[in-house]
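Right, one structure below, let's go through it.
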Amino acid sequence: MATTTAPKPAPRERLLAAAETLFYDEGIHIGVDRLCAVAEVSKRSMYQHFGGKDEVIVEMLRGRARRLASAWSSSDGLGPRARILAVFDSVREMSASPDFHGCPFVNVATELKDREHPASVAALGYKLELNRFFEDQARAGGAADPEALGVQLTMMFDGACAYSVVRG
């Protein structure tokens with residue numbers, strides 16, 4: 001019986017996958033050599049696909065943001081309250097893993113400390129998108145002040161992630 005192996009992902013996808021794992025587990029200050037080694041691509045190949053490591057970070061964050069936003073929208077059929085609670089349920093599930101290191105967007109912004117850095121801007125973009133999701137759900141649920149509730153829920157989300165990291 002012959003076995004078939006899946007084709008190896010393209011270098012760009014391998015770089016993004018390696019970046020997502022490495023940056024989350026070890027932080028974004030790892031070197032390009034390590035990133036390329038884990039992705040099994042040459043530095044030349046990395047620079048053919050990205051302008052540099054900063055661009056890899058930004059693209060990795062954007063991809064993760066798209067997947068997370070897609071997960072929120074996959075809760076169709078649920079009411080606004082249940083959709084909000086589903087986001088917090090996902091934090092509880094993720095934080096049960098010993099590999100949970102908090103919110104990757106907050107982690108990147110905290111490590112960079114530069115609000116103007118493209119990756120900090122991408123992290124902020126995700127947080128604003130999460131805030132809009134909460135605000136939209138609050139509005140759909142008839143909240144008296146959906147804007148304020150959206151901000152409060154985003155802060156609770158970030159707090160829950162931080163609490164889970166600190167408390168294990």
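Just so it is clear, the values below take in all heavy atoms, side chains as well, and ignore hydrogens, waters and symmetry mates. Just so it is clear, the structure is predicted and the values come from calculations on it, not from any experiment. Along the sequence shown, residues carry numbers from 1.
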Indicate yes or no for a side-chain donor-acceptor contact from Arg14 to the backbone of Pro9 under 3.5 Å, with no hydrogens or angles considered.
yes

Just by modelled atom types, is the Arg66 backbone N or O under 3.5 Å from a matching donor or acceptor in the Ser70 side chain?
no

Full working for side chain to side chain contact (heavy atoms under 4.5 Å, CB included) between Leu35 and Phe23:
CA-CA 9 Å; Leu35 173 62; Phe23 297 156; 4.3 Å; yes

As an exercise, state the distance from CD of Glu93 to OG of Ser95, rounded to the nearest 0.5 Å.
9.0 Å

Salt bridge (Lys or Arg N to Asp or Glu O under 4.0 Å): which pairs involve residues 136-152, sequence neighbours left out?
Glu135-Arg139, Asp136-Arg139, Arg139-Glu147

Those residues that, when tested against Ser42, pass side chain to side chain contact (heavy atoms under 4.5 Å, CB included) (two or more places apart)
Arg44, Ser45

Look at the side-chain heavy atoms of Ile, Leu, Val, Met, Phe, Trp and Tyr, link any pair under 4.5 Å apart, and say whether Ile28 and Met46 land in one connected group.
yes

Are the side chains of Val106 and Phe157 in contact, using a 4.5 Å heavy-atom criterion?
no

In terms of hydrophobic clustering (I, L, V, M, F, W, Y; side-chain heavy atoms under 4.5 Å; direct or indirect links), are Leu61 and Val121 co-clustered?
no

How would you list, by chain and number, every residue that makes a side chain to side chain contact (heavy atoms under 4.5 Å, CB included) with Leu153, sequence neighbours excluded?
Ile84, Phe88, Phe134, Leu149, Met156

Return the NE2 to NZ distance between His29 and Lys53, rounded to the nearest 0.5 Å.
7.0 Å

Of all the heavy-atom pairs spanning Lys43 and Val32, show the shortest one and how long it is.
CD-CG1, 3.7 Å

Counterpart residues, ring-ring contact (aromatic ring centres under 6.0 Å, His included), relative to Phe105 (two or more places apart):
Tyr126

Check the hydrophobic clustering (I, L, V, M, F, W, Y; side-chain heavy atoms under 4.5 Å; chains of links allowed) and say if Val58 and Leu68 are grouped together.
no

ILVMFWY cluster, Tyr163 and Leu85 together (side-chain gap under 4.5 Å)
no

Test Thr21 against Val38 for side chain to side chain contact (heavy atoms under 4.5 Å, CB included), laying out the working first.
CA-CA 10 Å; Thr21 300; Val38 171; over 6 Å; no

Under the rule for side chain to side chain donor-acceptor pair (under 3.5 Å), what residues qualify as partners of Gln48, not counting sequence neighbours?
none

Heavy-atom pair with the smallest gap, counting every atom of Phe100 and Cys161:
CE2-O, 3.7 Å

Measure the spacing between OG of Ser164 and CE of Met94 and express it to the nearest 0.5 Å.
9.0 Å

Applying salt bridge (Lys or Arg N to Asp or Glu O under 4.0 Å), which residue pairs with at least one partner in residues 15-25 are found, sequence neighbours left out?
Glu20-Arg64, Glu20-Arg67

Sorted by chain and number, sequence neighbours left out, salt bridge (charged side-chain N to carboxylate O under 4.0 Å, His left out) with Arg12 holds for Glu59

Heavy atoms only: give me the nearest Val91-Ala160 pair and the separation to one decimal.
CG1-CB, 4.2 Å

CD1-CG distance between Ile57 and Leu16, expressed to the nearest 0.5 angstrom:
11.5 Å

Contacts of Leu128 that satisfy side chain to side chain contact (heavy atoms under 4.5 Å, CB included) - sequence neighbours left out
Leu124, Arg132

Those residues at least two apart in sequence (or on a different chain) that pass ring-ring contact (aromatic ring centres under 6.0 Å, His included) with His117 are none

According to salt bridge (Lys or Arg N to Asp or Glu O under 4.0 Å), does anything in residues 95-119 pair up with another residue at least two apart or in another chain? List the pairs.
none

With sequence neighbours left out, what residues match Val151 under side chain to side chain contact (heavy atoms under 4.5 Å, CB included)?
Asn131, Met155

Which residue pairs pass the salt bridge (Lys or Arg N to Asp or Glu O under 4.0 Å) test with at least one member in residues 154-168, sequence neighbours excluded?
Lys127-Asp158

